[in-house]
Every structure is written in C-alpha cells, then in structure tokens.
Amino acid sequence: MIPQQVYDALLRADSVGIGGSRRPSQDSIDSLREVLAWIPQSSHVHVGDAQGIDKVVIETLDLTQDLTIYRSSGWEPWQLAARTRNCILGNCGPWISLPEGDYPIKLEKPSRQWVGSGSGSWSGLAFAVGRGVECFAYLSANTPSPDWLKPLGSGWFEG
C-alpha cells in the first residue's frame with residue numbers, strides 16, 4: 001500500500017520521474033504498478049530506456065500517458081549515468097525510485113553532484129535527494145536503507 005505522502009505527491013504533480021533496478025524483485029514491480037495506477041492522466045512521466053523498472057513503466061503507460069523516455073547513447077557506465085542524470089534534471093516533479101540491493105558505501109550522504117557508485121539506481125536517488133528533489137523510494141524486504149532516507153511504512157521511504 002502506498003503511504004499517504006507518496007499518494008499526495010503523485011496527485012499534485014504535473015510531472016513524475018521514475019527509475020530503478022534493471023533486475024527488480026516482483027515486490028518492487030507490484031509496488032511500481034500501484035504507483036502507476038495513481039499518476040494522474042494529466043501528469044507527464046519521465047523515465048529511462050533500461051530493462052526492469054523503466055521497461056515496466058514504458059509498457060504500462062506507453063499508450064495512456066504523456067512520456068519522455070531518456071535514451072542512453074550507449075551501454076558504458078558513464079552513458080547510463082548520463083541518461084539517469086538527464087531524466088532527473090528534466091523532471092520538475094517527484095522522483096520515484098525502486099533500487100535493489102545494498103546501497104554503495106560511497107553514497108553515505110546525498111550530493112548535488114553525480115557520484116558514480118556502481119549502482120545507477122542508488123546514485124540517481126542520492127543525486128536527486130542531494131539536489132532537493134522530492135523523492136520517494138520503495139525498498140523490497142531485503143534491501144537495507146541508508147540513514148538519509150526516512151521510513152514511511154510498507155517498504156516506502158522519503159528522501
């Protein structure tokens with residue numbers, strides 16, 4: 001179940017950015033689908049072109065929602081990072097993140113600058129939080145949370 005804070009942010013947003021793992025758990029996919037159901041038809045959605053979370057967003061909303069899909073110019077880590085960074089900077093609404101696995105130690109605190117960490121999902125979330133973007137993250141049961149995320153309940157956190 002989506003916490004009230006996430007629900008309220010989605011309903012008031014003119015745009016929403018979404019990113020996450022290329023190998024999401026079923027738990028994360030189910031939570032993402034719940035989020036997608038609550039995004040108003042009038043909202044613009046920003047998403048990357050990766051497998052996993054991005055692909056679920058595109059397949060679910062492609063014919064029903066105004067989408068901007070940020071494409072990677074290649075598959076090198078710096079190219080993937082640029083795609084996620086551009087997606088976050090191009091969105092003027094909340095950032096919804098669904099990372100998987102441990103957050104990298106390099107990301108002990110959010111930063112206004114991109115910090116390459118080996119995890120684009122976690123780096124993107126830390127970057128968005130560091131830039132003051134309203135952020136919400138869903139972490140599946142086995143995904144630990146960093147201290148800079150505030151628990152909201154039901155696996156959801158606020159950045």
Side-chain angles (χ1 to χ4, degrees), residues 1-70 83-85 87-105 107-111 117-159:
M1 174 166 222
I2 298 175
Q4 190 68 42
Q5 297 93 320
V6 179
Y7 175 77
D8 291 344
L10 292 171
L11 289 183
R12 73 173 177 270
D14 291 329
S15 73
V16 177
I18 303 173
S21 177
R22 286 178 283 162
R23 291 175 297 283
S25 65
Q26 187 60 50
D27 209 25
S28 290
I29 292 171
D30 293 345
S31 292
L32 172 62
R33 287 198 170 116
E34 189 176 0
V35 164
L36 297 176
W38 286 106
I39 295 174
Q41 195 65 36
S42 59
S43 293
H44 188 92
V45 176
H46 298 259
V47 66
D49 66 346
Q51 294 296 311
I53 293 297
D54 293 357
K55 186 174 181 180
V56 172
V57 171
I58 294 165
E59 289 175 349
T60 304
L61 299 181
D62 191 33
L63 300 175
T64 63
Q65 197 83 32
D66 189 13
L67 289 176
T68 296
I69 301 171
Y70 293 79
R83 176 200 55 214
T84 302
R85 181 183 176 280
C87 186
I88 292 165
L89 293 175
N91 173 40
C92 61
W95 180 251
I96 306 294
S97 182
L98 298 99
E100 293 285 341
D102 295 348
Y103 66 94
I105 195 70
L107 301 175
E108 281 190 35
K109 62 179 184 172
S111 173
S117 68
S119 170
S121 300
W122 281 111
S123 293
L125 178 58
F127 176 70
V129 170
R131 295 192 67 83
V133 174
E134 182 178 32
C135 295
F136 299 98
Y138 177 79
L139 305 181
S140 58
N142 297 322
T143 304
S145 68
D147 293 341
W148 43 269
L149 290 178
K150 174 185 143 194
L152 297 175
S154 301
W156 282 95
F157 293 79
E158 184 174 25

Which value, rounded to the nearest 0.5 Å, describes the distance between Gln65 atom CD and Ser42 atom OG? 8.0 Å
Could you check if a side-chain atom of Tyr138 sits within less than 4.5 angstrom of a side-chain atom of Leu32, using non-hydrogen atoms only? no
d(Thr68 OG1, His44 NE2) to nearest 0.5 Å is 2.5 Å
What I'd like to find out is whether the side chain of Leu149 reaches to under 4.5 Å of the side chain of Leu125, using heavy atoms alone. yes
Is the closest side-chain heavy-atom distance between Trp156 and Ile96 below 4.5 Å? yes
Between atom CG of Asp66 and atom NE2 of His46, what is the distance when rounded to the nearest 0.5 Å? 8.0 Å
Sub-4.5 Å side-chain heavy-atom contact between Leu98 and Pro24: no
Pairwise distance CG(Asp49) to SG(Cys87) - rounded to 0.5 angstrom: 10.0 Å
Work out which heavy atom in Gly90 is nearest to a heavy atom in Tyr70; give both atom names and the distance. CA-OH, 3.5 Å
Which heavy atom of Gly19 sits nearest a heavy atom of Asp54, and at what distance? CA-OD1, 3.9 Å
Where Ile88 and Ala128 come nearest, the two heavy atoms and their spacing: CG2-CB, 3.9 Å
On a heavy-atom basis, which atom in Pro99 and which in Leu139 lie closest, and how many Å separate them? CG-CD2, 3.6 Å
Heavy-atom nearest pair, Ala13 first then Ser43, reads O-OG, 2.6 Å
Under 3.5 Å, is there a donor-acceptor pair between the side chain of Trp38 and the main chain of Val6? no
Between Ser31 and Ser28, is there a side-chain donor-acceptor contact under 3.5 Å, judged purely by atom types and distance? no
Does the side-chain hydrogen bond (donor to acceptor under 3.5 Å, both in side chains) test come out yes or no for Ser121 and Glu100, once each step is laid out? CA-CA 8 Å; Ser121 300; Glu100 293 285 341; over 6 Å; no
From Gln5 atom CD to Leu10 atom CG, the distance as rounded to the nearest 0.5 Å: 11.5 Å
Examine distances only and state if a side-chain atom of Glu34 and a backbone atom of Ile2 form a donor-acceptor pair shorter than 3.5 Å. yes
Residues pairing under side-chain hydrogen bond (donor to acceptor under 3.5 Å, both in side chains) where one sits in residues 9-19, two or more places apart or in two chains, turn out to be Arg12-Glu134, Ser15-Asn91
State, yes or no, whether a side-chain contact exists between Phe136 and Leu152 at a heavy-atom distance under 4.5 Å. yes
Can you tell me how far CD1 of Ile18 sits from CD1 of Ile58, rounded to the nearest 0.5 angstrom? 10.0 Å
